[in-house]
Chemist: 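One structure, as structure tokens, below. Some questions next.
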Number of protein chains: 2
Amino acid sequence: MSAATIYDVARKARVSAMTVSRVINGGVNVDELTRERVSAAIAALQYQVNQAARSARKGTMRVGMLCGSPGAAYLSDFLLGATDQCSQQGAQLIVEKCGDLDSQRAAAARLIENGAACLLVPPPLCDQEASIQQLDDLGVPIVAVASARPAAHIHAVRIDDYQAAKAMMHHLFAAGHSDIAFILGDPGHAPAQLRLQAYLDAMSVAGMSTRAGRLAQGGGNYRSGLTAARELLDHPERPSAIFACNDDMAAAVVSVAQGMGLRVPQDLAVCGFDDMPIAASVWPGLTTIHQPVDEMARAAVQLAIDAIRDAGRPRHRVLPYTLVQRESTTAGAAH
Amino acid sequence: MSAATIYDVARKARVSAMTVSRVINGGVNVDELTRERVSAAIAALQYQVNQAARSARKGTMRVGMLCGSPGAAYLSDFLLGATDQCSQQGAQLIVEKCGDLDSQRAAAARLIENGAACLLVPPPLCDQEASIQQLDDLGVPIVAVASARPAAHIHAVRIDDYQAAKAMMHHLFAAGHSDIAFILGDPGHAPAQLRLQAYLDAMSVAGMSTRAGRLAQGGGNYRSGLTAARELLDHPERPSAIFACNDDMAAAVVSVAQGMGLRVPQDLAVCGFDDMPIAASVWPGLTTIHQPVDEMARAAVQLAIDAIRDAGRPRHRVLPYTLVQRESTTAGAAH
DNA sequence: CTGAAAGCGCTTACAG
DNA sequence: CTGAAAGCGCTTACAG
């Protein structure tokens, strides 16, 4: 049988299609009892709005996305989540890549010209003040994704990087580590600064002043992780654990350690951040913080759609992270 | 002014909307002169079909995509191209991730249940015979993407991996290299075998029998590239160039070489394959083969849509690759 | 608070 | 080869 239409629902609830439409669209001016009858009919018939028909009437809702780092590992997951959420809502996702500020301006202009009524801005763009400022002037709402400290006047979806890094530190403490080193991320990556701050605060609160040779600057990629790891592990007194600001660098640490004949995690515990595919594919698997990229993308799209439908105060959603325990910190650890 | 509708075109061409519709849909039974009048009107008015309205009438066309390696570097570019092409054609892209054969069966079933009328199958799935066989039984057309040797009875989009690798060999020959080593890719990656074959054939045709110690097995990722590079460069007589089966491994070769104090490209030329983001981000930049991932995705979607509209003989499209010359093979080379 | 009517832009039978 | 009519499923004014 084919899908139920608004008329099926109307008949079952003994109202007009108009009233069903009102209920669906969160409309006001519907009697509470009527609303319940309609809702019950919708549930019974498993009615779903025909998005194509809706779009035919209202025009297609378009969500634009600015993409500043085309090679980013999280991007494909983000696109998966974003396109799916758009489909479900009958919206269309349009994406433009861009680099510097000038190209961003051009890309944003193209998105808007093509009908984007709201812009999604992932890192690193969402963390650059000049970038956000420029977008602000465009007159469409902005949704920052995974920004470290989103401005109050724009929408935002993120995790709490600070608390997540704290949680990781407590995991290491609980595993018996006290001499923990940290590899910093790309200086341009704002959330990385929060992670560093959490490391420093956790060490300080635990009464473990960070000794010299326990911090190394990384650049976020695997190669920079190799260099940083060598720097930390060449120290005469090795740390017992290394917390890398992301998984790529943590994977590099494991590789360097193993190259030096160290066993992970027995001789050196290693942990990362982000839970990118590499975290599960190296051996031993990396203990890390899972960022719910897919859900963040869906949430961002939903904020965008809500903002398009009825502009309201900017909303900030903080999604829960998960500490994923693998073998790089705990021998024989279960997932 | 708002976009032109089919009625605007009809009025301008002095025909009915019906006839315009026929022309748009490649319909038969239209007088040649009428068709020309209509086409002219379409061009003059810059008419574009309102996909939402069309979908409202015909139902939304859905293209399914099976995703077997969620972390793959090409995936985000592929999704970008595929979603964009789908939008333009008023189709919807739905994606399901999967792993082994059982999960593939389930994922494909879900796609079809959700309305997918054609399935896009990227690597590695499209190169596994069992995988294709299983999908064949589903009754929807299949489009293999970047398959090495696509079966004749399914649609396919790819580049000519063999010719591309040959071209790379000729580039190296032209740069004065004759003692060239090769790092093999993931054994499960079928196109990698074509690249190896091209290397072997090119060496043989050039009269340069491959000496011992000139082949190293890699796994496709950066780490395996490190190991393979060390193996090749520890040989008492070093090769003058290394051709890695993909960019990740080529980047690793550069790193190992530089760690040994070798200058790239003066002491060692290095090249990769695929033109992933890493190829441009390392120093020196990697000479590599550009795969037009975006266009391949668009072409795949178009084949899918054509197959849905009117099932015909399977079509195989071979897209042009590009040899991208960067600094890793030629000192001071321009892009 | 609720509904009858008209229309979004296109396509599907059905005539001629 | 061409067109008038009806309808896809929904929403937008407009009444009441």
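Here is the naming used below: chain letters follow the sequence lines, and residue numbers restart at 1 for every chain.
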Chemist: Quick one: label B:D31 by what it contacts on the DNA or RNA (base, sugar-phosphate, nothing), any heavy atom closer than 4.0 Å.
Modeler: sugar-phosphate

Chemist: Could you tell me which residues satisfy side chain to side chain contact (heavy atoms under 4.5 Å, CB included) with B:D102, sequence neighbours excluded, listed by chain and number?
Modeler: B:D100, B:R105

Chemist: Are any side-chain N or O atoms of A:D127 and backbone N or O atoms of A:P124, one a donor and one an acceptor, separated by less than 3.5 Å?
Modeler: no

Chemist: Give a yes or no answer on whether the side chain of B:E96 reaches the backbone of B:R110 with a donor-acceptor pair at less than 3.5 Å.
Modeler: no

Chemist: Kindly say if A:T34 contacts the phosphate of C:dT2, meaning a side-chain N or O under 4.0 Å from OP1 or OP2.
Modeler: yes

Chemist: Are there runs of at least three consecutive Watson-Crick or G-U pairs touching DNA chain D, with each pair's two distances under 3.5 angstrom? Give them by first number.
Modeler: C:1-3 with D:14-16, C:5-12 with D:5-12, C:14-16 with D:1-3

Chemist: Using OP1 and OP2 only, check whether a side-chain N or O of A:T19 sits under 4.0 Å from C:dG3.
Modeler: yes

Chemist: Among A:V30, A:V38, A:T34, find the residue that satisfies the side chain to side chain contact (heavy atoms under 4.5 Å, CB included) test when tested with A:R22.
Modeler: A:V30

Chemist: Pair up each side-chain donor or acceptor in residues 73-82 of chain A with any protein partner under 3.5 Å, not counting sequence neighbours, and list the distances.
Modeler:
| from | atom 1 | to | atom 2 | distance (Å) |
| --- | --- | --- | --- | --- |
| A:Y74 | OH | A:P123 | O | 3.0 |
| A:D77 | OD1 | B:K97 | NZ | 2.8 |

Chemist: Over all heavy atoms of both residues, which pair between A:A304 and A:V63 is shortest? Give the atoms and the distance, please.
Modeler: CB-CG1, 4.0 Å

Chemist: For B:N50, what residues pass the side chain to side chain contact (heavy atoms under 4.5 Å, CB included) criterion, not counting sequence neighbours?
Modeler: B:A52, B:A53

Chemist: Treat primed atoms plus P, OP1 and OP2 as sugar-phosphate and everything else as base, then score nucleotides 8-16 of chain D 5' to 3': B for base contact with protein heavy atoms under 4.0 Å, S for sugar-phosphate contact only, - for none.
Modeler: BBBBBB---

Chemist: Output every pair passing side-chain hydrogen bond (donor to acceptor under 3.5 Å, both in side chains) with a member in residues 295-305 of chain B, not counting sequence neighbours, ordered by first then second residue.
Modeler: B:D84-B:R298, B:Q85-B:Q302, B:D294-B:R298, B:Q302-B:D306

